[in-house]
Amino acid sequence: MLKYGLINQLVNLEKKDFMMKEKQQYWILETKQCAYAFGINNAGILENVYWGKRLESQLDYPDLPESEGWASFNGPTQVLQEEYPVYGGMCFHEPCLKITFKDGVRDVVLKFESEKSSNNGLIITLEDIHYPLKVNLHYQTYSEYDMIERWVEVENLGKETINLERVFSALWHFPGGGDYFLSHLTGRWNNEFNLVREPLTPGVKVLESRRLTSSHHHNPWFLIDDGNCSEDNGNVWFGALSWSGNWKLTAEVSNFYTTRIGIGINDWDFIWQLKEGEVFSSPHAICGFSDKGYGEASRLFHNFIRDELIPHKNQIHKVLYNSWEATFFDVNEPSQSRLAEIAAKMGVELFVVDDGWFHNRNNDNAGLGDWWPDSEKFPNGLTPLIKKVNSLGMEFGLWLEPEMVNPDSDLYRKHPDWILHYPTRVPTLARNQMILNMARSDVQDYIFTKIDKLLSENNITFIKWDMNRNVSEPGWNTAPGDQREIWVRYVKGLYKVWGDLRTKHPEVIWQSCSGGGGRADLGILNYADQIWVSDNTYAIDRLRIQYGFSQIFPAITMESWVTDADRGMLPLEFRFHVSMCGSLGIGGNLLLWDEAEILEASHWISAYKNHRQVIQFGNQYRLSKEMMQYMSKDAEKGVLFVFNTGNNDTQSHNTINLRGMNPEVKYKIEGIQEILTGADWMKRELSFPLEINKSLFLEISKSK
Ligand code: GLA
């Protein structure tokens with residue numbers, strides 16, 4: 001009944017009151033093109049009223065709907081657009097917060113306490129009406145990208161420990177009705193980032209990871225559209241969670257036909273004991289809106305990631321060579337030197353030695369954890385090879401899998417208790433390895449010290465940070481609190497070590513890999529500049545995987561190698577073109593490539609270098625699944641990739657329109673005689689009939 005008390009307190013407030021600064025009970029967050037509004041309704045409940053295109057005047061935003069009470073079968077969470085619904089009262093929908101207090105009460109009742117705003121930030125503080133519990137809802141706008149970042153802090157102001165059982169970072173409502181479509185990315189190892197679009201129907205659709213990483217299987221990203229949408233037009237609402245561990249997304253259509261999406265740390269097997277005076281901060285979630293379709297939604301994310309997230313913001317990514325698929329574990333100074341010589345001749349700028357270089361690593365049975373050069377393979381350490389690579393004009397990079405340990409390693413023999421495990425269970429091995437408990441400070445110190453030593457003693461400018469298995473037996477019997485805190489403490493430990501290494505060695509570029517794209521999320525992009533998207537390097541598969549990846553991640557983060565997987569099956573040109581759509585790398589066994597292949601490779605590497613500014617930093621337009629256009633930010637130049645994979649739906653002879661050009665500027669498209677203005681090109685129906693397995697890479701240039 002307490003809630004009815006609150007209704008009476010705030011009843012009769014009118015919108016104009018809300019608009020008055022001093023009252024501060026209706027908030028509008030505006031970005032360049034979009035707006036998000038919520039306020040306190042007459043029942044004292046924080047209610048969302050608007051998320052969409054920015055309106056002309058602040059007075060145009062909708063009033064808070066009156067809360068007139070509810071039927072005995074439906075509480076406010078069912079019928080209102082609660083901004084941050086909690087489990088308490090009559091809440092049968094997916095809540096954002098679920099708590100058990102010390103006395104066993106599992107019911108939260110929050111009331112508005114205060115607000116604090118700055119130019120682009122807002123904090124709404126709510127307090128429980130009985131228990132010493134504070135919830136701060138944080139909002140931060142990124143006007144330029146039409147994005148709003150949200151996260152929450154839960155604070156225990158009392159003496160008794162509070163058990164947090166779910167803390168979502170944000171929940172969003174979609175305007176009027178339930179006819180929405182959800183796009184998301186799904187897959188598995190070797191087949192990541194498949195784009196799925198499906199109608200949402202009454203009930204809850206859950207996407208999640210329980211694997212300790214964000215996972216190959218689902219990505220913590222969503223896009224909602226209202227059914228009238230294309231790459232270029234239509235309303236889209238989208239968001240993502242900045243978190244590299246277990247996460248959960250609930251997309252719910254209510255029986256009142258309203259649609260909402262919540263996102264946050266997964267509450268599966270989760271608990272957090274919030275002790276006296278402690279604050280629990282959720283990961284950040286980011287959301288955006290556009291009325292210009294799927295393509296613009298992606299470009300907003302691309303810009304945001306490039307400008308706000310990745311550590312080396314304006315740095316061109318070098319063309320790299322990675323030796324994994326060439327030599328596997330058979331790594332030594334002579335074999336790598338020979339590869340390096342050929343790579344340098346082709347124009348490669350960064351030579352990366354993958355798995356197999358460290359102590360006792362001859363196959364995947366041993367070595368993980370012992371991060372020093374194997375004395376048989378590298379009798380004089382890595383220095384001679386690095387010097388050789390540098391003398392060839394290339395930088396040097398190295399592969400590491402810091403979170404892992406093999407039973408057959410010096411590290412495990414010394415510290416068997418450092419792995420995630422239950423003492424009464426035999427640890428499940430996957431790829432013959434176990435997971436170090438990154439939540440432990442001694443583990444963090446060990447990893448930091450070993451990598452710091454490698455980076456301090458060697459001229460290494462690039463690290464590929466891998467993680468090649470998912471979790472099992474997530475036990476930690478000496479944990480300071482409940483063992484289920486491991487899911488969060490592990491990720492925080494990972495971020496700490498990686499962050500400390502970045503601070504000490506700011507020049508190093510890191511790549512995030514987890515058997516391909518198993519840890520590709522906004523959280524990891526605070527540390528890594530790029531992502532190894534998939535272990536699947538077949539160019540045709542890669543096109544599909546890259547298409548999905550591009551929904552959220554920009555080309556600069558998309559490391560893509562030309563390998564031998566499809567050598568002899570597809571022309572080298574085709575394989576290069578696919579990899580040139582991202583951050584180009586080469587991963588084939590160059591010792592087997594003939595002179596003609598080396599020559600052709602040099603040609604494409606040089607072409608890529610000429611155009612990579614546009615590919616890595618420009619605007620990307622998905623003309624179809626097989627046609628990608630990139631335009632420089634000033635729309636002065638661009639490139640066009642066309643592929644024919646033989647897939648009936650997407651063949652290159654389907655007509656397309658070019659995009660992203662300046663309507664007034666005249667352009668030339670390589671291979672086409674006419675010179676037209678951007679306006680005319682964008683109207684012109686173009687098709688590029690190609691034979692199956694053929695591709696084109698065309699330059700778009702401004703014409704005098
Ligand atoms: C993972 C990576 C590969 C390679 C191997 C090495 O599978 O995705 O690129 O680094 O590990 O063991």
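The analysis underlying the following values was restricted to heavy atoms, covering all of them including side chains, and did not include hydrogens, waters or symmetry mates. In each ligand, atom 1 is the first atom listed, and ligand 1 is the first ligand listed.
- Only side-chain heavy atoms of D466 come within less than 4.0 Å of ligand 1; its backbone N, CA, C and O stay farther off.
- The closest protein non-hydrogen atom to atom 5 (C) of ligand 1 is W324 CE2, 3.6 Å.
- Nearest protein heavy-atom contact of atom 7 (O) of ligand 1 is D535 OD2, 2.9 Å.
- Using the six-membered ring where Trp is involved, F641 and F697 have ring planes that are tilted, between 30° and 60° apart.
- A salt bridge is defined here as a Lys NZ or Arg NE, NH1 or NH2 lying under 4.0 Å from an Asp or Glu carboxylate O, and E403 with R469 fails to meet this definition.
- Relative to the ring axis of Y547, R622 places its NZ or CZ within 45° and under 6.0 Å from the centre.
- Near G516, meaning under 4.0 Å from one of its heavy atoms, ligand 1 places the atoms 8 (O).
- Every atom of ligand 1 with a heavy atom of W532 under 4.0 Å away is listed here by number and element: 8 (O), 9 (O).
- Residue W399 places at least one N or O, backbone or side chain, under 3.5 Å from an N or O of ligand 1.
- For R440 and D445, the salt-bridge test fails: no basic side-chain N is under 4.0 Å from an acidic carboxylate O.
- Counting only heavy atoms of the protein, atom 12 (O) of ligand 1 lies nearest to D355 OD2, 2.6 Å.
- To the nearest 0.5 angstrom, H577 atom NE2 is 4.5 Å from S695 atom OG.
- With a 4.0 Å heavy-atom cut-off, ligand 1 is reached by the side chain of N468 but not by its N, CA, C or O.
- Other residues, nucleotides and ligands contribute more than 12 heavy atoms inside 6.0 Å of the CZ atom of F448.
- Classification of D269 and R210 as a salt-bridged pair fails, no side-chain N sitting under 4.0 Å from a carboxylate O.
- Residue contacts with ligand 1: W561 is placed with no nitrogen or oxygen under 3.5 Å of a nitrogen or oxygen of the ligand (distance criterion only).
- Residues Y621 and Y630 keep their aromatic ring centres 6.0 Å or farther apart.
- Using a non-hydrogen distance threshold of 4.0 Å, K464 registers as a contact of ligand 1.
- For ligand 1, the polar-atom distance check against R361 finds no nitrogen or oxygen pair separated by under 3.5 Å.
- Formation of a donor-acceptor pair under 3.5 Å by the Q530 side chain with backbone atoms of W510 is not found in this model.
- The N/O atoms of C513, backbone and side chain alike, include none that comes under 3.5 Å of an N/O atom in ligand 1.
- Of the heavy atoms in R431, only side-chain atoms (C-beta onward) come closer than 4.0 Å to ligand 1.
- Atom 10 (O) of ligand 1 has its closest protein heavy atom at D354 OD1, 2.6 Å.
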